[in-house]
Every structure is written in structure tokens, then in C-alpha cells.
Amino acid sequence: MNNANSNVSKWSVSSRIFHWISAALLLTTWIMILLYENLDSNMFIGYHKAFGVSLLFWMIARVINRVFTKAPPPLAMPKWQMLVSQLSHFALYAILIAMPMVGLLMAVYGGRPVDIFGIFQIPVFVTPDRSLARFYNNLHTEVIWPMIIGFTVLHIAAALYHQFVKKDNLIARMK
């Protein structure tokens, strides 16, 4: 299928909204940690945590939406590509849920509640434990973060490959 199909089946409106807001939350969370690391202000770590927890709740809602929303029919592609696509999407969902959960555990095991934009606070609901806080910090920054980068790059590269090499108008399904 080498031509752009103008009437390609799209994802539902709710799925498209969940997709793009997830991307925006992830990008915003990343920008907040970059600002925190490069500017002399603790405000940004608070925003990083608040956006991260927001991403967690958003991803849980996104999974619920995905369970109840029908996917458009798959594009024609080799079985191995379909398998890689399905596995990489599953991995993205899993790590986009795991990352903020682990960040939250890092904070509370460090004895720090997480303020959500001044609206409410997630209290320390565990007995603080510095070694567990360090464990979750390492998992958050050294394991899951590189996975998010890798799978996000794979996801974007695959979309661009379909759009510009295969010319099957895959990106139109998520517009």
C-alpha cells in the first residue's frame, strides 16, 4: 500500500486526546526536571512531581479508555512489524505508568509528601526509608528514564517511517 489513503480509519477522538495530552504531559514533566537541574529554583521539582503524578492518573484513565475503545483496523504490514508495534505500545504504556509510580515512591520513602499544584497533597503513606528512596531514585533515573527515551524514539521513528517511507498515511490516524 504505497499511496496515501485520504479516508484512513482514525483512532477515536478520546484516544487521540489521550495520546496527545500524554505526550504533552511527558514533555512538560521532562522540561520541569531540566529547569530544576539548570536553574536555582526548587519550584520546578515540585512542578515535575505534580505533572508526573498527573501523567500517572492520565495514563490510568488512558488504559481504561483503551480497554473500552475499539482500535481502527491495522494497516497492512509484515507480522514481525505488527508484533514489534504491539509490544512497543504495551511497553510505552507500562513505563509511562511505572515512571511516575516509582517517582512517587521515591518521594514518600524519602519522607517527602507530593504537592499537586497546591490543590492537594499526597502524604507520606509509608515509613520513610532512605535506602528504598535511593533504590527508587535509581530505578526512576537510571532504568525507566532511558527506557522512556528509547521507546519514545522508536515510536516516533516508526510513525515517521510509515508516513514518509511507506507513505501509508499512518500519522493521519492520530490527528
Side-chain angles (χ1 to χ4, degrees), residues 5 7-36 44-75 77 80-108 113-123 125 136-137 139-163 168-175:
N5 185 356
N7 53 355
V8 65
S9 294
K10 288 186 168 203
W11 282 91
S12 69
V13 171
S14 63
S15 294
R16 287 181 275 152
I17 290 169
F18 273 111
H19 175 271
W20 291 110
I21 291 179
S22 298
L25 283 170
L26 179 61
L27 181 62
T28 302
T29 304
W30 178 62
I31 289 168
M32 291 302 111
I33 200 65
L34 284 177
L35 290 172
Y36 169 70
F44 296 111
I45 192 67
Y47 286 144
H48 172 78
K49 292 174 185 180
F51 279 110
V53 170
S54 299
L55 179 60
L56 172 62
F57 291 136
W58 188 256
M59 286 303 299
I60 291 168
R62 184 176 178 182
V63 168
I64 293 166
N65 177 75
R66 182 65 185 91
V67 167
F68 291 105
T69 305
K70 188 178 179 208
L75 295 178
M77 67 181 78
W80 72 268
Q81 282 183 357
M82 183 60 69
L83 180 62
V84 169
S85 170
Q86 291 168 340
L87 290 174
S88 65
H89 280 98
F90 177 80
L92 269 171
Y93 274 71
I95 60 181
L96 287 173
I97 291 170
M99 181 67 142
M101 285 179 69
V102 168
L104 177 61
L105 290 171
M106 173 180 45
V108 295
V114 177
D115 183 73
I116 308 299
F117 304 111
I119 301 169
F120 68 95
Q121 209 176 57
I122 299 175
F125 54 86
Y136 286 117
N137 178 61
L139 188 58
H140 189 75
T141 59
E142 304 299 325
V143 177
I144 301 173
W145 177 241
M147 290 175 68
I148 284 179
I149 296 294
F151 280 100
T152 300
V153 167
L154 175 65
H155 180 70
I156 293 168
L160 293 174
Y161 167 78
H162 275 274
Q163 189 68 25
D168 59 11
N169 210 17
L170 177 88
I171 291 177
R173 294 162 57 106
M174 198 48 80
K175 282 186 184 174

Any side-chain heavy-atom pair of [X] and [Y] under 4.5 Å:
| X | Y | value |
| --- | --- | --- |
| Met99 | Trp145 | yes |
| Gln81 | Tyr161 | yes |
| Val108 | Pro113 | no |
| Trp20 | Met174 | yes |
| Leu26 | Thr152 | yes |
| Ser12 | Thr69 | yes |
| Ile97 | Val63 | yes |

Quick one: pull up [atom1] in [X] and [atom2] in [Y] and give me the separation to the nearest 0.5 Å.
| X | Y | atom1 | atom2 | result |
| --- | --- | --- | --- | --- |
| Arg16 | Ile21 | CZ | CD1 | 12.5 Å |
| Ile31 | Leu27 | CD1 | CG | 4.0 Å |
| Leu160 | Leu170 | CG | CG | 10.0 Å |
| Leu96 | Leu56 | CG | CG | 10.5 Å |
| Ser15 | Arg173 | OG | CZ | 11.0 Å |
| Gln163 | Asp168 | CD | CG | 7.5 Å |

Under 3.5 Å donor-acceptor, [X] side chain and [Y] backbone:
| X | Y | answer |
| --- | --- | --- |
| Lys10 | Lys175 | yes |
| Ser88 | Ser85 | yes |
| His48 | Thr29 | yes |
| Gln121 | Asp115 | no |
| Trp11 | Ala71 | no |

Quick one: closest heavy-atom pair of [X] and [Y], and the distance?
| X | Y | value |
| --- | --- | --- |
| Val102 | Tyr136 | CG1-O, 3.2 Å |
| Met82 | Pro74 | CE-CB, 3.2 Å |
| Ser14 | Asn65 | OG-OD1, 2.8 Å |
| Val114 | Ala107 | CG2-CB, 3.7 Å |

cation_pi(Arg62, Tyr93) dist<6.0 Å, angle<=45: yes
Aromatic plane relationship, Phe117 with Phe51 - under 30° parallel, 30 to 60° tilted, over 60° perpendicular: perpendicular
Plane angle bin for His89 and His155 - parallel if under 30°, tilted between 30 and 60°, otherwise perpendicular: perpendicular
Ring centres under 6.0 angstrom apart (Tyr47, Tyr36): no
Derivation and outcome, side chain to side chain contact (heavy atoms under 4.5 Å, CB included), residues Phe151 and Ile95: CA-CA 9 Å; Phe151 280 100; Ile95 60 181; 4.0 Å; yes
Met77, CE: over 12 other non-hydrogen atoms inside 6.0 angstrom: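 More than 12 heavy atoms, drawn from other residues, nucleotides or ligands, come within 6.0 Å of this atom.
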Flag if over 12 foreign heavy atoms under 6.0 Å of CZ, Phe68: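 It does not: Phe68 CZ has 12 such atoms or fewer within range.
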